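Below: the structure, in C-alpha cells.
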Amino acid sequence: MASPDPSSPRSGPIAWMTHHTVAANLVMLIFLIGGFVILPNVKQEVFPDFKVDQIRVTVPYPGASPEEVEHGIILSIEDVVRGLDGVKDVTATAAEGMAFMKIELVKGVNADNVLQDVVNEIDGIQSFPELAEEPIISLAEVRNQVVTVLVYGDQEEQTLRDVAERVRDDLLQRPGITLVELGLARPREIAIEVPKRHLRAYGLTLNRIAREIGEAAIDLPGGGVKTPGGEVLLRTQERRDFGREYADIPLVSTPDGTNLTVGDLATITDGFEDTDEEAYFNGQRAVQVKVFRVGMETPQSVSDDVHAYLEELRLELPDGIGLAVWNDVSEVYRDRMNLLLKNAFLGLILVLLLLGLFLDLKLAFWVTVGLPVSIIGSFLFIPFTGASINMVSLLAFIITLGIIVDDAVVAGEIIYQKREQGLPLVQAAIAGAREIAGPIMFAVLTNIAAFLPLFFVPDTIGNFRELSI
C-alpha cells in the first residue's frame, strides 16, 4: 500500500488539524483553561532563586587592627582550607576587629560535605589569638528582599529600636509575611562598670565579677528525673535580658555579714555595642526593618501587606517618629508586568485592526486569538521546567510577544494571498501555513541560537541564568 503524499492537501499535521476543527478547538481550550488554572500557582519573584556555591567565614576579633586580623586569623584559616577537596578559591578581607572570608566551591560538589570539612578544619586551629571570638561559618545564600521600612525620627536610639522591633513583630504576625529582620541596628549590650576603688576596697577583680555574673545568669538543661508519674525535666532558668535584672547578683560579703551585689558596686547600663554602624534618613537617625519574600509569596502581596500595616500604625505613632518605605523592589516588578500587559494589548489591537482593514476581518480575528492562546498556554509547561515569573522571564515574554505578533501577521498575510489566488478557504489555510512554517521555524531558532551561549556561562552568573530562562 502506497504511503500518503506529504504534499497532498489532506496529509500532514497542519492539514489534519485544519480538517479536524474539534481537535483544534479542544487544544485551544486546554491551553486557555489550563494556563489560567496554573498561572496563580506559578512562583512570582523579582529575581529568581539560585544557589551560590560559596562558604562564608566571619571571625570577630575585637580591638584588632586589619594587620593583626590578617596574621592572627586569616592566614591560619587559609592554610587549612585551601587544600580541601571541593575548594576552588579563597578570598579574604581583613577589617578592623573582623575577618571576612569567602570560600568558592568547585561546581557540582556537595556543598554540605565541604562545609563540614571546613568547620572541622577551622575548629582544629589552636593558634587563634586569645581575644578572637568563635568563627561563624555558613553556606552563602541569596534571600529575596522585597521592601525596607525605615523607622526614623529625632529620638533616642532605644526609642527607635523599640518601635522597629514592634514593626518587625507585628509584620511577622500577618499571614502573608514570613521573614522580617532588623537592619543597620547596633546589637544590644548591657554594660556593667565597676569603679577601680571598689575593686581595691573589696579585693575583687574583673575576671571574678565576670565569672560570678556568668554563673548566675545561665539558662541550661539539667537532665531529667524519672518518677512513677513520668519524667520530670530539670532546667536552670536564670536568663537575664535587662540590666536591672543583674543588680541583685551577690559578689562579696562584708565582715558584718552584709552581701554586696552588682547593683551596690557597679553602674549598669542598657545600651548598644560601640560599633560604626549607623543609619540616617533625611538627617534623622533611623533603624531599618527588612521584609523578605519566602516560598510562594509574591512581591506584590508582601509589599501590599507592608503598606497596609504602615497605614494602620501611623495613626498610633507618637510625635517625632516617622515611617518610610525605601527600596520597594515590587514596584520594578509591577512596572515590568505592566509593560508586558501593555505590549500584549497593543499587539492584539494592532494585529486585529491592520489585518481587519487590509485583509479579512474573520482571518484577523482568528490570528489575533492565537496570540493570547500562545502566551497563556505556555504557563502549562512552566511547572515542569522549575522556572518562575520574574524580571528576566518577563523580559523573555516581552521579546517572545514581538516574535509572535510578527509571525501572526506574516501567516495571516500569506493565507490571504493564497485565497486571492483562487484557492478555497481550507486549502488556502493549509497551503499558506505550510509555506510559512519553515521560515517561521528558522526565525524562532535564530532567536534561540542568540541566547543559547548563556547556557554555558559558569559560576554565579551561570546559576542565575539557569533559573531565569
Side-chain angles (χ1 to χ4, degrees), residues 43 45-62 64-145 178-179 181 183 290 292-296 383-388 390-393 451-469:
K43 181 188 293 186
E45 50 194 348
V46 179
F47 289 105
D49 291 325
F50 63 96
K51 186 177 181 181
V52 181
D53 295 327
Q54 292 177 1
I55 296 175
R56 293 177 182 173
V57 181
T58 305
V59 184
Y61 187 6
S65 66
E67 184 177 2
E68 292 173 327
V69 171
E70 180 184 6
H71 291 285
I73 303 293
I74 290 177
L75 294 180
S76 299
I77 296 179
E78 285 183 342
D79 289 340
V80 298
V81 302
R82 282 192 182 275
L84 294 177
D85 290 337
V87 174
K88 180 180 179 181
D89 191 22
V90 179
T91 304
T93 301
E96 183 176 354
M98 189 73 67
F100 303 97
M101 300 191 68
K102 181 180 68 176
I103 302 174
E104 187 176 351
L105 307 183
V106 176
K107 184 176 178 60
V109 75
N110 189 317
D112 293 328
N113 292 342
V114 181
L115 174 64
Q116 188 58 51
D117 292 340
V118 171
V119 171
N120 294 338
E121 292 294 336
I122 294 179
D123 287 344
I125 297 176
Q126 303 296 326
S127 58
F128 280 158
E130 183 178 354
L131 296 180
E133 300 180 6
E134 288 292 327
I136 303 172
I137 309 170
S138 62
L139 284 172
E141 60 179 9
V142 178
R143 295 185 296 178
N144 296 290
Q145 183 176 343
T178 303
L179 181 59
E181 293 181 354
K290 301 178 180 179
F292 299 84
R293 183 201 63 78
V294 177
M296 295 302 295
F384 300 103
T385 64
S388 64
N390 53 70
M391 294 291 293
V392 182
S393 60
F451 293 97
L452 191 61
L454 293 176
F455 278 92
F456 304 99
V457 177
D459 301 328
T460 302
I461 297 178
N463 292 334
F464 182 81
R465 175 269 310 153
E466 289 176 1
L467 291 169
S468 300
I469 298 178

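Quick caveat: nothing in here was measured; it's all calculated off a predicted structure. Position 1 is the first residue of the sequence, and the numbers go up from there.
Minimum interatomic distance between Val81 and Val90 (heavy atoms only, all atoms of both residues): CG2-CG2, 4.0 Å. Contact detail for Gly72 and Ser76: the closest heavy-atom pair is O-OG, 3.8 Å. Closest approach of Pro62 to Leu131, counting heavy atoms only: CD-O, 3.5 Å. Here the closest non-hydrogen pair linking Pro135 and Val59 is CB-CG2, 3.8 Å. Nearest heavy atoms, Ala111 versus Leu139: CB-CD2, 3.8 Å. The two residues Val114 and Asp85 make their nearest non-hydrogen contact at CG2-O, 3.8 Å.
Separation of atoms CD (Glu96) and CE (Met98) is listed at 11.0 Å; rounding is to 0.5 Å. Atom CD1 of residue Ile55 and atom CG of residue Leu84 lie 8.5 Å apart, to the nearest 0.5 angstrom. From Leu115, atom CG reaches atom CG of Leu105 across 9.0 Å, with rounding to the nearest 0.5 Å.
By the side chain to side chain contact (heavy atoms under 4.5 Å, CB included) test, Glu134 pairs with no residue at all, sequence neighbours left out. Checked against side-chain hydrogen bond (donor to acceptor under 3.5 Å, both in side chains), Glu181 has the following partners two or more places apart in sequence or in another chain: Arg143. Qualifying side chain to side chain contact (heavy atoms under 4.5 Å, CB included) partners for Ala92, counting only residues two or more places apart in sequence or in other chains: Ile74, Glu78, Met101. Listed by chain and residue number, Tyr61, Ile73, Ala132 satisfy the side chain to side chain contact (heavy atoms under 4.5 Å, CB included) test with Pro129 (two or more places apart in sequence, or in another chain). For Thr91, the side chain to side chain contact (heavy atoms under 4.5 Å, CB included) partners two or more places apart in sequence, or in a different chain, are Asp89, Lys102. In terms of the side-chain hydrogen bond (donor to acceptor under 3.5 Å, both in side chains) criterion, Thr93 has no residue partners (sequence neighbours excluded).
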Next on the checklist: Between Ile77 and Phe128, does the side-chain contact (heavy atoms from CB on, under 4.5 Å) criterion hold? Intermediate values first, please.
Outcome noted: CA-CA 9 Å; Ile77 296 179; Phe128 280 158; 3.8 Å; yes

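Residue-environment remark: CD (Glu133) exceeds the threshold of 12 foreign heavy atoms within 6.0 Å.
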Without placing hydrogens or testing angles, list every side-chain donor-acceptor pair under 3.5 Å for residues 117-126, not counting sequence neighbours.
residue	atom	partner	partner atom	Å
Asn120	OD1	Gln116	NE2	3.0
Asn120	ND2	Gln116	O	3.2

